[in-house]
Amino acid sequence: MTILITGARGKVGQAVIHRLVTAGLPTRAGSADPTGLTAPTGVEIAELKLDQPGTFPAALDGVRQVFLYPEPAGVDAFVKTAQAVGVEHVVLLSSSSVTAPGAETDPLASHSLQVERALTASGLTCTFLRPDAFASNALGWSYLIGQNQPIQLAYPDAHIAPIHSDDLADLAVAALTGDALTGRQITLTGPQSLTFREQLVILSGAIGRDIPLLQITRAEAEQQMTRWMSAPYAGSLLDLWAAATAGPAPIAETTQTLLGTPARTFAQWAAENVAAFDAR
């Protein structure tokens, strides 16, 4: 009854693995580069490239549950292999963006939506975890903060409700090991709506120095963002943030509402990650 964890190098994947091992459950870590993956003693490591179906049979052999990162390129083959080997339950780390109008054509939302639809059509028992913004997205500011350079934002007053990766891991493990979340489609957030400006104030308090903020135009932001992502992705994010300036982000399900445990705050995340913002 092995549980396969895809995306085993990621923060959430690593946290899920450690929780399952602590619970004494047979766990397999799937990674595109298994030779460089560190896992706890007793965890099987398998090569798994979600866009290369040739890696699926060995990785899924003997597996009954899967924690899956969304990759539409190989999802149809993944579903067929999962059905063939007897997988009973898939917990997908999806995105809240799939519920937004225009999700089918949105570059960000469609990525997860395609995977959700393939899984739904498969007949497999599936649980869709749909987090909103991750608290760890703030690490994108780490280099500039470490260099004491200003954070440049087109929409500093965009509201989000960032979720801690450990909250996601707790919820994923609950879905994999219990029945309360099975088969549900759950939008997830952190416990508090914060603007980017407010997040920077919290980070300033955590690291003990001011973080300068500079508001720039949308065109300037798009020019910067397209250095490391495609123009459609950049446009989609900027549209999202522009809309989010309208008011506080809604608070959806959290670990408090689903598990009865307090949801971790962005301030808690900031305190845990101070080292990432040190001068470098």
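All values below come from the heavy atoms of this structure, side chains included, with hydrogens, waters and symmetry mates left out.
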With sequence neighbours left out, write down each residue that passes side-chain hydrogen bond (donor to acceptor under 3.5 Å, both in side chains) with [X], or none if nothing qualifies.
| X | value |
| --- | --- |
| Thr217 | Glu220 |
| Glu272 | His164 |
| Thr35 | Asp33 |

Mark yes when over 12 heavy atoms from residues, nucleotides or ligands other than Gln224 sit less than 6.0 Å from its CD; otherwise mark no.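 Above 12, so yes.
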
List for me each residue that meets side-chain contact (heavy atoms from CB on, under 4.5 Å) alongside Pro212, sequence neighbours excluded, and say none if there are none.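 Counting only residues at least two positions away or on another chain, Pro212 forms a side-chain contact (heavy atoms from CB on, under 4.5 Å) with Asn148, Pro150.
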
List the residues meeting side-chain contact (heavy atoms from CB on, under 4.5 Å) with Asp76, not counting sequence neighbours, and say none if there are none.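 Scan of Asp76 (side-chain contact (heavy atoms from CB on, under 4.5 Å), adjacent residues dropped) gives Ala118.
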
Going by ring-ring contact (aromatic ring centres under 6.0 Å, His included), name the residues that satisfy it together with Phe266, two or more places apart in sequence or in a different chain.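 Here the qualifying residues are Trp269.
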
Test item: [X] side-chain N/O and [Y] main-chain N/O as donor-acceptor pair under 3.5 Å:
| X | Y | value |
| --- | --- | --- |
| Gln83 | Ser122 | yes |
| Thr127 | Val91 | no |
| Ser204 | Leu200 | yes |
| Ser112 | Pro70 | no |
| Thr255 | Thr261 | yes |
| Glu71 | Asp51 | no |

Non-hydrogen side-chain atoms of Leu48 and Arg28 separated by less than 4.5 Å: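 With C-beta onward as the side chain, the pair stays apart.
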
Report yes if the side chains of Ile160 and Asn137 come closer than 4.5 Å at any heavy-atom pair, otherwise no.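 The answer is no, as the side chains (C-beta and beyond) never meet within the 4.5 Å cut-off.
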
Applying salt bridge (charged side-chain N to carboxylate O under 4.0 Å, His left out), which residue pairs with at least one partner in [range] are found, sequence neighbours left out?
| range | result |
| --- | --- |
| residues 239-263 | Arg184-Glu253, Arg218-Asp239 |
| residues 187-202 | Asp157-Arg197 |
| residues 114-127 | Glu104-Arg117, Glu116-Arg130 |
| residues 132-149 | none |

Should Phe134 and Leu194 be regarded as members of a common hydrophobic cluster, given that ILVMFWY residues are connected when their side-chain heavy atoms come within less than 4.5 Å of each other, either directly or indirectly?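 Unlinked, Phe134 and Leu194 end up in two clusters.
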
Linking Ile, Leu, Val, Met, Phe, Trp and Tyr by side-chain heavy atoms under 4.5 Å, what else ends up with Val98?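 Via sub-4.5 Å side-chain contacts, Val98 links to Leu113.
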
Asp61 CG to Leu4 CG distance, which is reported to the nearest 0.5 Å: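 Asp61 CG to Leu4 CG: 11.0 Å, rounded to 0.5 Å.
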
Could you tell me the separation between the CG atom of Leu237 and the CG atom of Asp106, rounded to the nearest 0.5 Å?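 It comes to 8.5 Å.
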
Can you tell me which residue pairs pass the ring-ring contact (aromatic ring centres under 6.0 Å, His included) test with a partner in residues 54-89, sequence neighbours excluded?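 ring-ring contact (aromatic ring centres under 6.0 Å, His included) check on residues 54-89 returns Phe56-Phe78, Phe67-Tyr69.
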
